[in-house]
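This one's a predicted model, so the numbers in the text were calculated from it and none came from an experiment. Numbers here are sequence positions counted from 1.
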Amino acid sequence: MEGTKRKWKKVEDHDVVEKRDCLAELPEPLLHHILSYLTMKDVITTSVLAKRWRYTWLYVPCLSFPALKRTRSKEVAFINKSLLVHKGSKVQKLDITVKYYRTEAPLVDSWIQFALTRNVNQLYLDFRRCYSPKSMYTLYDTIFCCSSLTVLAVKKCIIKFPVKIKLGSLKTLSFEEVNFDGGAINNLLSSCSILEELSFTTCNFANNPDLVIMNSCVKTLKIREDNFSRNSTTVEIDASFILSFESGGIFSKRYVIKRMESLRSASFVCSKTCW
């Protein structure tokens, strides 16, 4: 009988060990790191898992809002409410993809201001369904004085550069379907002293007849332009440290390559209009 009791006790102890919540015992920073790989919709869902998880999502440093299968108004409301209740003092990454309408410009401004006040490191903004310049979002100009930014990637918007640009920490810069309306883009590039990755995809340079890339730290350069014939922009590249170069859609006569002696890989895509 005594042996049976001991055996039963061991089984009970074993069951206790099996029922321990290992995730709940993780340190807060590690828990936040794990949640950072999820979208905000999934992160918020974890609040029902356990008592400790109820408010954990309010402090995650990486906030990702991909396009959701819901109405535009509900999508915008979800992003807005999530940012309003967020309590973290630091935002490492803010990634937003949203169907943008002009009437929501002040709201989007507030989202970007939220990121800037929390010293954001990585900012990804994709404004979908903007088919004409009149309906595109004009990027909040204070963003170009954010010294904490290391990655900036924007899609489908208008950019008007301010007089002062301070992006001393920026390493990755990506523009896709962006209209540069006023201000010299060369001033932006020259202010990014440690920029390593630079990308332009189907952008409209308008008042920038010359695009000069002279950053000594740029290692990866991508320029894919389908409408350069309308832009009449000359691209001058004088960057001796570029290792990878990708180009497409630009008339050969508008390329001026001075130095690229470190180049290891290159790819060129030409349409029929290039010849």
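- The side-chain heavy atoms of Ser82 and Ile44, taken from C-beta on, include a pair separated by under 4.5 Å.
- The nearest pair of heavy atoms linking Met214 to Val212 is CG-CG1, 3.4 Å.
- To the nearest 0.5 Å, the span separating CG on Leu167 from CG on Leu189 amounts to 10.5 Å.
- Taking 4.5 Å as the limit, every side-chain heavy atom of Lys160 sits out of range of all side-chain heavy atoms of Asp141.
- Placement of Val108 and Phe78 within a single hydrophobic cluster is found when ILVMFWY residues are connected by side-chain heavy-atom separations under 4.5 Å, directly or transitively.
- Asn121 CG to Thr150 OG1: the interatomic distance, rounded to the nearest 0.5 Å, is 5.0 Å.
- One distance of note links OG1 of Thr46 with CD1 of Ile34; it measures 11.0 Å at 0.5 Å rounding.
- Listed here is the closest heavy atom pair of Arg128 and Lys156: CA-CD, 4.2 Å.
- Looking at heavy atoms from C-beta onward, Ser147 lies out of side-chain contact with Lys166 at the 4.5 angstrom threshold.
- Note: the hydrophobic cluster containing Phe241 does not contain Leu170 (ILVMFWY, side chain heavy atoms under 4.5 Å, direct or indirect links).
- In this structure, the separation between OG on Ser148 and CG on Leu116 is 7.5 Å, given to the nearest 0.5 Å.
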From CA spacing to verdict: side-chain contact (heavy atoms from CB on, under 4.5 Å), Ile237, Phe245: CA-CA 11 Å; Ile237 302 174; Phe245 178 50; 3.9 Å; yes

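- Summarising the local packing, CE of Met260 is surrounded by more than 12 heavy atoms from other residues, nucleotides or ligands at distances under 6.0 Å.
- Looking at every heavy atom in both residues, Thr201 comes nearest to Lys222 through OG1-CE, 3.9 Å.
- When every heavy atom of Ser262 is checked against every heavy atom of Ser240, the shortest pair comes out as OG-O, 2.6 Å.
- Note on residues 76-98: no pairs pass salt bridge (charged side-chain N to carboxylate O under 4.0 Å, His left out), not counting sequence neighbours.
- Nearest heavy-atom pair, Pro106 versus Thr103, reported as atom, atom and distance to 0.1 Å: CD-O, 3.8 Å.
- Between Phe144 and Phe161, the two ring planes are perpendicular [angle over 60°; tilted spans 30° to 60°].
- Pro66 and Glu75 make their closest contact through O-OE2, 4.1 Å (heavy atoms, listed as atom of the first residue, atom of the second, distance).
- Rounding to the nearest 0.5 Å places CG of Leu243 at 7.0 Å from NZ of Lys219.
- The cluster map of Ile, Leu, Val, Met, Phe, Trp and Tyr, joined by side-chain heavy atoms under 4.5 Å apart, puts Val120 and Leu107 in the same cluster.
- Side-chain contact between Leu188 and Phe180 is absent, with no heavy-atom pair separated by less than 4.5 Å.
- Both Ile79 and Val85 sit in one connected hydrophobic cluster of ILVMFWY residues. Membership requires side-chain heavy atoms under 4.5 Å apart, directly or through other members.
- Annotation: salt bridge (charged side-chain N to carboxylate O under 4.0 Å, His left out) contacts involving residues 144-155, sequence neighbours excluded, comprise Lys155-Glu176.
- In terms of the side chain to side chain contact (heavy atoms under 4.5 Å, CB included) criterion, residue partners of Asp42 (sequence neighbours excluded) are, by chain and number, Leu38, Thr39.
- From Thr97, atom OG1 reaches atom CZ of Phe127 across 9.5 Å, with rounding to the nearest 0.5 Å.
- Phe65 is not listed as a side-chain neighbour of Trp111, based on a closest heavy-atom distance of 4.5 Å or more.
- Under a hydrophobic-cluster definition in which Ile, Leu, Val, Met, Phe, Trp and Tyr are linked whenever side-chain heavy atoms come within less than 4.5 Å, directly or via other members, Val235 and Leu173 are assigned to the same cluster.
- Remark: Asp109 pairs with no residue by the salt bridge (Lys or Arg N to Asp or Glu O under 4.0 Å) rule, at least two apart or across chains.
- Residues Ile112 and Tyr137 meet the side-chain proximity criterion, which asks for heavy atoms closer than 4.5 Å.
- The side chain to side chain contact (heavy atoms under 4.5 Å, CB included) test with Ile143 is passed by exactly one of Ile159, Val154, Leu123: Leu123.
- Put simply, the side chain of Leu83 reaches to within 4.5 Å of the side chain of Leu94, judged on heavy atoms.
- Within 6.0 Å of atom CZ in Arg102, 12 or fewer heavy atoms from other residues, nucleotides or ligands are found, so the atom counts as exposed in its surroundings.
- For Glu196, the salt bridge (Lys or Arg N to Asp or Glu O under 4.0 Å) criterion is met by no residue, not counting sequence neighbours.
- Remark: Val151 pairs with Gln122, Tyr124, Thr172 by the side chain to side chain contact (heavy atoms under 4.5 Å, CB included) rule, at least two apart or across chains.
- Looking at heavy atoms from C-beta onward, Tyr100 lies out of side-chain contact with Met136 at the 4.5 angstrom threshold.
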